[in-house]
*Asks:* 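The structure's right below; bear with me while I get my questions together.
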Amino acid sequence: MNGNELQNQAKYIWDRLDDLAANDPQGYKKFIDQQMEERETFMAPPEARLCFLVKTKENDLVYVNVCAWKRIPYPQDDSEPLKLMCGFVQKHQSKKGEPRHITIPVAANGQVLDEILKSNVDKHELINLIIDLITKQCKLNLCKKYDLCKYIYKGDLPANPRSLFIKNPNAEFQQAELMKMASQNPSDILSSPETLLKNLNLDEDAAQEQTPMPEVDFMKSFAKTNEKPKTKLIEEIGKEPATPEHSLKEIETSNGEKQLLLTINLPQINTTADCDLLISRKKIELMVPEKYKLNIPLPKPVNDGEAKAKFSKKTKQLTICMPIL
């Protein structure tokens, strides 16, 4: 868009707002208030929630910073796809004590993210979807195996976190301030088209700078099934995992301590590194990507802090002993 076109656009906006402010002050105020409310959501910064490390097949380190962002819409119904947004890929040179690595931000709706992160199994499925998204969108040949980081963000979070996804977020901030000014004193910005153009910062160079990354280039949708988005997440990874054979019984040790003993047959597993196991007081969750999934409510509460798991490579059995509270 050239300078003349921008000038004409500013004049058109000026005429409409000037007419509205003069002829319908209440309608003008309602319009500005509505714009401010929508802008508040639109301008909200991404918030770091989770970080995991994955390697490329060339053995490069890739840290993925998963963020919650109000700007990503919550699915309106079960037929609407779940949206994930990739931001800018940043390459970091090796420093003293830290090897060369890559960081990639990925954003999801905060409410959706909160729901998914409540379960280790759902979190595992989401991470696999993110790995698949980055592989396709960023053209990185990522491995499926990952490690969760103790921190929720790798690196220094920028002063304006929206810059992780938008080229010039400050231009958007200036326009938000303009809307605030308009709601308080419209004459300050409606004195002329030139004033409006200046306040909007819509000169040709600024317009080019504030252009965000096109969402079509880094937004991927993952369909949902009937009730919960997490159900469909499994489908996107691959075939439905099987429920492994297992047995659960109560035993008493030689010192009289009562325990629950769970034995799970995992013939396709060679190491516990392939397993994602969660033991809580009232249930056990086991997930092996694309192979097994098991969710067992326990008949009695257990001391999950004292639970012990052991895998036999010979019998291909995972045995879990849990002291009963």
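Everything quoted here is computed from the prediction, not taken from an experiment. Sequential numbering from 1 along the given sequence is applied to the chain's residues.
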*Asks:* Considering residues, nucleotides and ligands other than Glu250, do more than 12 of their heavy atoms fall under 6.0 Å from its CD?
*Replies:*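 Yes, CD of Glu250 has more than 12 neighbouring heavy atoms, counting only those of other groups under 6.0 Å.
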*Asks:* If the condition is side-chain hydrogen bond (donor to acceptor under 3.5 Å, both in side chains), which residues does Asp147 pass it with, not counting sequence neighbours?
*Replies:*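 Result, side-chain hydrogen bond (donor to acceptor under 3.5 Å, both in side chains) vs Asp147: none returned.
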*Asks:* Quick one: list whatever passes ring pair (Phe, Tyr, Trp, His ring centres under 6.0 Å) with His246, sequence neighbours left out.
*Replies:* none
*Asks:* If the plane angle is over 60° it's perpendicular, under 30° parallel, otherwise tilted; pick one for Phe52 and Tyr146.
*Replies:* perpendicular
*Asks:* Minimum heavy-atom separation for Phe88 to Pro105, with atom names?
*Replies:* O-CD, 3.2 Å
*Asks:* Which pair of non-hydrogen atoms, one from Glu115 and one from Tyr74, has the smallest distance, and what is that distance?
*Replies:* OE2-OH, 3.2 Å
*Asks:* Kindly check if the number of other-residue, nucleotide or ligand heavy atoms within 6.0 Å of CD (Glu245) is above 12?
*Replies:* no
*Asks:* Is there side-chain contact between Leu133 and Cys86, with heavy atoms separated by less than 4.5 Å?
*Replies:* yes
*Asks:* Using the salt bridge (charged side-chain N to carboxylate O under 4.0 Å, His left out) criterion, which residues pair with Lys258? Sequence neighbours excluded.
*Replies:* none
*Asks:* Is it true that, when you exclude Lys316 itself, more than 12 heavy atoms of the residues, nucleotides or ligands shown sit nearer than 6.0 Å to its NZ?
*Replies:*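 Yes, NZ of Lys316 has more than 12 neighbouring heavy atoms, counting only those of other groups under 6.0 Å.
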*Asks:* Have a look at Asp276 and tell me which of Glu285, His124, Lys123, Lys293 forms a side-chain contact (heavy atoms from CB on, under 4.5 Å) with it.
*Replies:* His124
*Asks:* Ignoring hydrogens and geometry, is there a side-chain-to-backbone donor-acceptor pair from Tyr292 to Gln268 under 3.5 Å?
*Replies:* yes
*Asks:* Pair Asp132, Lys136 - check salt bridge (Lys or Arg N to Asp or Glu O under 4.0 Å), show working.
*Replies:* CA-CA 6 Å; Asp132 183 58; Lys136 295 176 182 177; 3.1 Å; yes
*Asks:* Checking Gln90 now: which residues fulfil side-chain hydrogen bond (donor to acceptor under 3.5 Å, both in side chains) with it, not counting sequence neighbours?
*Replies:* none
*Asks:* Given 3.5 Å as the limit, does a donor-acceptor pair link the side chain of Asn303 with the main chain of Leu325, or not?
*Replies:*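 Between the backbone of Leu325 and the side chain of Asn303 there is no qualifying donor-acceptor contact (under 3.5 Å).
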*Asks:* Should we say atom CG of Asp156 is surrounded by more than 12 heavy atoms from elsewhere, each under 6.0 Å from it?
*Replies:* no
*Asks:* What residues form a salt bridge (charged side-chain N to carboxylate O under 4.0 Å, His left out) with Lys282, not counting sequence neighbours?
*Replies:* none
*Asks:* In the hydrophobic clustering (ILVMFWY, side-chain contacts below 4.5 Å, transitive), which residues join Leu61, or is it alone?
*Replies:*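 Members besides Leu61, by chain and number: Leu53, Tyr63, Tyr151.
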